[in-house]
Student: 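One structure, pasted below without further comment.
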There are 2 protein chains.
Amino acid sequence: MSNTPPTRIVLIEDNQEYRDVIKLALAEVEDLELEEKFGTCEIALRYLQDLSNKRPDIILLDLRLPGMLGLEAIPFIKDYSPKTKIIVLTLSDSESDVLNAISLGASGYLLKSATLDEIVSGIRAVQNGAATLDPSVAHFLLQKLKKHIPQNALGIELSQRELEILTLLGEGLVKKEIADQLGIGYTTVDTHVRHIYEKLQVRNAPSAVGKAYKLGLFNDE
Amino acid sequence: MSNTPPTRIVLIEDNQEYRDVIKLALAEVEDLELEEKFGTCEIALRYLQDLSNKRPDIILLDLRLPGMLGLEAIPFIKDYSPKTKIIVLTLSDSESDVLNAISLGASGYLLKSATLDEIVSGIRAVQNGAATLDPSVAHFLLQKLKKHIPQNALGIELSQRELEILTLLGEGLVKKEIADQLGIGYTTVDTHVRHIYEKLQVRNAPSAVGKAYKLGLFNDE
DNA sequence: TCCGTTATCCCGTATTCACGTGATACGCCT
DNA sequence: AGGCGTATCACGTGAATACGGGATAACGGA
């Protein structure tokens, strides 16, 4: 236990009080080490950019900061210190903040209403390659996901070739170009397209592409 | 505190040992009450169907059960007791189990590696209208979501009319049908479509539909 | 006041599509 | 041995598309 190096943490948070709360909380945990804390992204990024500093394992990142916002800083953090995992720790439970943080690659999203225990176990989870989400954020994401998970198993299955051709169609190639690219004849492509229409029960290419997206036929790769 | 009724919990789990562990754990928590525990879905569903029984607030549901699988039971639970929230509690972290559980409307997904504290706080979160996810499940879902969140803000914006027409195109209508449905002329539709192609930088309808999905232009409604 | 965006409408044409109606061949399952 | 799905190829035709090149009108910002 004691020979594994502690998890190195950097806190970016402008509120002095909350900063101190976190500092005291982490000080009590043996294998977590609060390396630095910063009040703005600008200063934090300068620290990360300095090659003489060791890279932290985890960054706890507030979003509403004076100057550069936390979300804006994420790409720079990823750039300067690619291996550092980011846990957003903020008051905001706005949908767009959550979605942006995720698409920018955050490994966790906690609210400041979280207990210190939850923050510590969140850090441990992320350090182990997992993720941590505030329950209310998780609820929001589950609702979001429910809509985006296609229930594809309606017996509709395209062959590999058909999916290939449909993909190219959706990318803008005309049948002749698809034939050339696949090294097959035009009429073959035409036949495949007809089969696709039958299976998807559509009558033309735009709706075939649309239905394929709705059914999630493109999801798997 | 003590005048709020306890959260009523039902456990569906075939492993005798784990069932007892949960029973003992919940017995120690004041505001949680393990109402019943069942070894199979069939028996549990019979209990839920019996109108003389009170409906539980939470069901902890294992997936790998003798007879009917946990996932199969979810729609029946939703039917017999719509207000009951379901937390999946299983060994399986298979992607399809997670996705199926979510699309069937589970409010939580915990693994049996979870500590009893995590299970209790998960129950509390769900009872409060939030959700609970095992960190490794959360990680998987975040990765999944990252792909599905489009970064639409590339300056590409269709007018309302254009989006309307593109939607209908993706549903399989030909330009003439779109014109009739919108009560405008064929040439007007044609012009709109040209503008759509310009904005999306494509040359035909299938790729316009494809690109719209990729950019998430259909996401907002 | 002028320009950009949006929405509406028109003509003509070469290209492409959708589809009816075929064919051959391979593998798999029964 | 026969059937089913897949992949390949072919011809012809009417329908639809993509696009060049126009136009008018309303609205709002520069």
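These numbers come from a predicted model, not from an experiment. Chain naming here is simple, since letters A, B, ... match the order of the sequence lines and numbering starts at 1 in each.
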Student: Scan A/His192 against the nucleic acid and name what it touches under 4.0 Å (heavy atoms): base, sugar-phosphate only, or nothing.
Tutor: base
Student: Would you kindly give the CG-to-C1' distance between A/Leu158 and D/dT6, to the nearest whole Å?
Tutor: 13 Å
Student: Would you call A/Arg8-A/Glu36 a salt bridge at under 4.0 Å N-O?
Tutor: no
Student: Establish whether the base of C/dC9 is bridged to the side chain of B/Asp190 by a donor-acceptor pair shorter than 3.5 Å.
Tutor: no
Student: C/dT16 P sits how many Å from B/Arg203 CZ, rounded?
Tutor: 12 Å
Student: Using heavy-atom distances to pick each residue's nearest nucleotide on DNA chain D, tell me which of A/Thr187 and B/Tyr186 is more 5'.
Tutor: A/Thr187
Student: What is the distance, to the nearest angstrom, from the CG atom on A/Asp180 to the C1' atom on D/dC9?
Tutor: 15 Å
Student: Do the side chains of B/Asp62 and B/Ile12 get nearer than 4.5 Å, heavy atoms only?
Tutor: no
Student: In sequence, state the C-alpha distance, the side-chain angles, and the governing distance for B/Leu163 and B/Phe218, and then conclude on side chain to side chain contact (heavy atoms under 4.5 Å, CB included).
Tutor: CA-CA 8 Å; B/Leu163 187 59; B/Phe218 295 141; 3.9 Å; yes
Student: Give a yes/no on whether any side-chain N or O of A/Arg161 is located under 4.0 angstrom from OP1 or OP2 of D/dG5.
Tutor: no
Student: Whole Å only: how far is the CD1 atom of B/Ile196 from the C1' atom of D/dA18?
Tutor: 13 Å
Student: Contact class for A/Asn204 vs. all strands (heavy atom < 4.0 Å): base, sugar-phosphate, or nothing?
Tutor: sugar-phosphate
Student: Nearest whole Å is fine: how far is D/dG20 C1' from B/Glu198 CD?
Tutor: 12 Å
Student: Among C/dT8, C/dA18, D/dT8, find the nucleotide with the atom closest to the side chain of A/Tyr197.
Tutor: C/dA18
Student: So, are A/Glu13 and A/Lys37 salt-bridged, with charged N and O less than 4.0 Å apart?
Tutor: no
Student: Are A/Arg46 and A/Asp50 within salt-bridge range, i.e. N to O under 4.0 Å?
Tutor: no
Student: To the nearest Å, give me how far apart CD1 (A/Ile165) and P (D/dC9) are.
Tutor: 10 Å
Student: So does A/Arg194 reach the base of C/dT21 with its side chain, donor to acceptor, closer than 3.5 Å?
Tutor: yes
Student: Does a side-chain N or O of A/Ser159 approach OP1 or OP2 of D/dT6 to a distance below 4.0 Å, or not?
Tutor: no
Student: Rounded to the nearest angstrom, tell me the gap between atom CD in B/Gln160 and atom P in D/dC27.
Tutor: 16 Å
Student: Over how many whole Å does the gap from B/Glu164 atom CD to C/dT8 atom P extend?
Tutor: 9 Å
Student: D/dA7, OP1 or OP2 - any side-chain N/O from A/Thr188 closer than 4.0 Å?
Tutor: no
Student: Which residue, A/Ala205 or B/Lys199, contacts DNA chain C at a nucleotide closer to its 5' end, judged by nearest heavy atom?
Tutor: B/Lys199
Student: Consider the side chain of A/Val174, meaning its heavy atoms from C-beta on, and name the nucleotide among D/dA18, C/dC17, C/dT8 that approaches it most closely.
Tutor: C/dC17
